[in-house]
Engineer: 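First the structure, which I've put down as structure tokens, then a few questions once you've had a look.
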Amino acid sequence: MKDFSQYYHRVSNSQAANWVVAQCTGPRHSLHTVVPRGFEAYARIEHPYWRVPKPAGPVNSVEQLLAVACSEVPPAAKAALYPGCGFAYDGLEPPLEGELLPVSVQSVFVALRLASAAEQPVYCGLWEGFGSWRGEQGIAMFASTLGQEYLLFQSTLAEIEQAWQAAWRESQAAGFLGVSGFVPNALWPADRAWYLAVPFQATRSYLAGSQQLVQALYSAADLEVSQAEPLEEFF
């Protein structure tokens with residue numbers, strides 16, 4: 001992909017992420033290992049399953065896939081279609097791991113703009129394991145409860161939305177279905193009013209914030225949203 005540094009500004013000190021590390025405590029792989037404690041409300045955003053239209057050919061665009069809500073998938077299919085299984089079951093494909101789709105990104109940011117201005121400074125955590133920024137100097141890092149390290153950047157809400165959509169455009173133009181390594185796995189504003197988590201190995205994302213913010217997600221027709229529970233496992 002092209003140089004995405006125009007959207008991300010390096011942070012040389014990890015102090016801005018100290019509160020995240022301090023508040024992300026809980027049983028392994030539970031909600032509060034990826035989303036900080038202390039918010040009024042928590043929402044789970046399910047990543048959809050997929051049905052490939054027939055006749056099926058090479059799939060290099062999300063527009064070629066038909067989204068199927070998790071609530072509409074039979075238990076037998078859910079049991080068979082574990083992430084990364086590499087096969088279909090009854091015409092269904094498993095959800096994408098660690099990926100918010102373009103239409104989902106748009107809906108999430110519509111909600112976030114109700115709580116923060118477009119030019120609101122935000123901090124971003126990108127999992128270093130993707131290697132997208134390998135060799136870059138002067139970027140602070142912070143570690144999660146699970147021992148995973150994240151590169152820390154600063155940006156604005158508007159820039160991050162632009163980066164997300166640009167990454168998807170380039171990914172699909174190149175014949176890929178995914179933007180991991182070029183978009184945040186963790187995102188929060190400087191005033192800590194909300195927190196968005198897109199765990200890189202999970203088939204669901206999370207938004208924490210006020211009741212008003214979380215309720216705004218429920219009105220998005222293209223998102224499958226429910227209340228997140230503190231002890232639920234995200235893998």
Side-chain angles (χ1 to χ4, degrees), residues 17 19-50 67-85 89 92-101 103-105 107-109 111-112 115 123-127 129 142-150 178 180 183-189 192-235:
W19 76 278
V20 175
V21 176
Q23 296 299 320
C24 279
T25 57
R28 187 174 178 81
H29 295 158
S30 65
L31 174 67
H32 290 310
T33 55
V34 291
V35 186
R37 297 175 179 273
F39 286 98
E40 186 178 18
Y42 294 82
R44 176 195 312 115
I45 305 169
E46 299 285 1
H47 299 180
Y49 286 73
W50 300 102
V68 180
C70 292
S71 59
E72 298 174 3
V73 176
K78 288 183 178 179
L81 293 172
Y82 56 87
C85 63
Y89 179 92
L92 288 172
E93 301 276 354
L96 297 177
E97 297 178 63
E99 304 284 3
L100 275 178
L101 301 176
V103 65
S104 302
V105 171
S107 294
V108 168
F109 276 82
L112 293 180
Y123 289 96
C124 320
L126 280 72
W127 183 51
F142 65 98
S144 73
T145 305
L146 302 176
Q148 298 156 348
E149 294 192 320
Y150 295 83
S180 295
V183 299
N185 300 104
L187 180 67
W188 69 91
R192 307 180 188 177
W194 47 265
Y195 190 96
L196 176 66
V198 187
F200 66 89
Q201 288 179 310
T203 58
R204 53 181 56 163
S205 299
Y206 295 95
L207 179 64
S210 67
Q211 286 284 1
Q212 182 180 11
L213 172 60
V214 169
Q215 281 298 124
L217 284 184
Y218 284 85
S219 63
D222 54 345
L223 293 178
E224 186 175 7
V225 182
S226 55
Q227 180 178 324
E229 302 298 337
L231 295 180
E232 70 175 60
E233 293 191 358
F234 60 87
F235 281 145

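What's counted below: heavy atoms across the whole structure, side chains too, no hydrogens, waters or symmetry copies. Predicted model only: the values in this text are computed from it and were never measured.
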Engineer: In Å and rounded to the nearest 0.5 Å, what is the CD to OH distance from Glu72 to Tyr49?
Structural biologist: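 With rounding to 0.5 Å, CD (Glu72) is 12.5 Å from OH (Tyr49).
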Engineer: I'd like to know if the side chain of Asn185 reaches the main chain of Leu126, judged simply by a donor and an acceptor atom lying under 3.5 Å from each other, with no hydrogens or angles considered.
Structural biologist: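 No, Asn185 side chain to Leu126 backbone: no donor-acceptor pair under 3.5 Å.
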Engineer: Pro184 versus Leu196: any side-chain heavy-atom pair under 4.5 Å?
Structural biologist: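 Contact flag for Pro184/Leu196 side chains = no.
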Engineer: Among all residues two or more places apart in sequence or in another chain, which pass the salt bridge (charged side-chain N to carboxylate O under 4.0 Å, His left out) test with Glu232?
Structural biologist: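 So Glu232 forms a salt bridge (charged side-chain N to carboxylate O under 4.0 Å, His left out) with Arg44, Arg204.
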Engineer: What's the shortest heavy-atom distance between Gly98 and Ser180, and which atoms?
Structural biologist: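 Heavy atoms of Gly98 and Ser180 come nearest at O-OG, 3.8 Å.
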Engineer: Nearest heavy-atom pair of Ser205 and Val198: which atoms, and what distance?
Structural biologist: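 Between these two residues, the closest heavy atoms are OG-CG1, 3.5 Å.
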Engineer: Would you give the length of the straight line joining atom OH of Tyr89 to atom CG of Leu92, rounded to the nearest 0.5 angstrom?
Structural biologist: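 If I round to the nearest 0.5 Å, the distance is 9.5 Å.
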Engineer: From Trp19 CH2 over to Cys24 SG, what is the distance, rounded to the nearest 0.5 angstrom?
Structural biologist: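 Interatomic distance, Trp19 CH2 to Cys24 SG, rounded to 0.5 Å: 7.5 Å.
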Engineer: Using every non-hydrogen atom in the two residues, find where Phe39 and Arg192 come nearest and quote the distance to one decimal.
Structural biologist: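 In this case the closest contact between Phe39 and Arg192 is CE2-O, 3.4 Å.
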Engineer: Would you indicate whether the side-chain heavy atoms of Pro48 and Leu101 approach each other to under 4.5 Å?
Structural biologist: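 SC-SC contact between Leu101 and Pro48 confirmed.
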Engineer: Starting at OH of Tyr150, measure out to OG of Ser144 and round the result to the nearest 0.5 Å.
Structural biologist: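 The OH atom of Tyr150 sits 4.5 Å away from the OG atom of Ser144.
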Engineer: Roughly how far, to the nearest 0.5 Å, is the NE2 atom of His47 from the CG atom of Leu100?
Structural biologist: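 The CG atom of Leu100 sits 4.5 Å away from the NE2 atom of His47.
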Engineer: According to the interplanar angle, ranging from 0 to 90°, do the rings of Phe142 and Trp188 count as parallel (below 30°), tilted (30 to 60°) or perpendicular (above 60°)?
Structural biologist: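 Correct class here is perpendicular.
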Engineer: Mind listing the closest non-hydrogen atom pair of Thr25 and Val21 along with its distance?
Structural biologist: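 Shortest heavy-atom separation between Thr25 and Val21 comes out as CG2-O, 4.5 Å.
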Engineer: Does the side chain of Ser104 come within less than 4.5 Å of Leu223's, by heavy atoms?
Structural biologist: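 A side-chain contact exists here, since the closest heavy-atom pair is under 4.5 Å.
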Engineer: Looking only at non-hydrogen atoms, find the nearest pair between Pro189 and Trp194 and report the distance.
Structural biologist: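 Looking at all heavy atoms of both residues, the shortest contact is CD-O, 3.1 Å.
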Engineer: Work out which heavy atom in Val35 is nearest to a heavy atom in Tyr206; give both atom names and the distance.
Structural biologist: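 Taking Val35 first and Tyr206 second, the nearest heavy atoms are CG2-CB, 3.7 Å.
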Engineer: Does Arg37 reach the main-chain N or O of His32 with its side chain, forming a donor-acceptor pair under 3.5 Å?
Structural biologist: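 The answer is no, because no donor-acceptor pair under 3.5 Å joins these two groups.
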Engineer: For a side-chain contact (heavy atoms from CB on, under 4.5 Å) check, start with the C-alpha distance between Tyr123 and Val20, then their side-chain angles and the critical distance, and finish with the verdict.
Structural biologist: CA-CA 11 Å; Tyr123 289 96; Val20 175; over 6 Å; no
Engineer: Show me the side-chain donor-acceptor pairs of residues 211-219 shorter than 3.5 Å, one per line, residues at least two apart or across chains.
Structural biologist:
| residue | atom | partner | partner atom | Å |
| --- | --- | --- | --- | --- |
| Tyr218 | OH | Gln227 | N | 3.1 |
| Ser219 | OG | Ala216 | O | 2.7 |

Engineer: Checking the side chain of Gln23 only, and the main-chain atoms of Gly38 only, is there a donor and an acceptor separated by less than 3.5 Å?
Structural biologist: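 Answer holds: no.
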Engineer: How long is the span from the CG atom in Leu187 to the CG atom in Leu207, to the nearest 0.5 Å?
Structural biologist: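 One gets 9.5 Å once the value is rounded to the nearest 0.5 Å.
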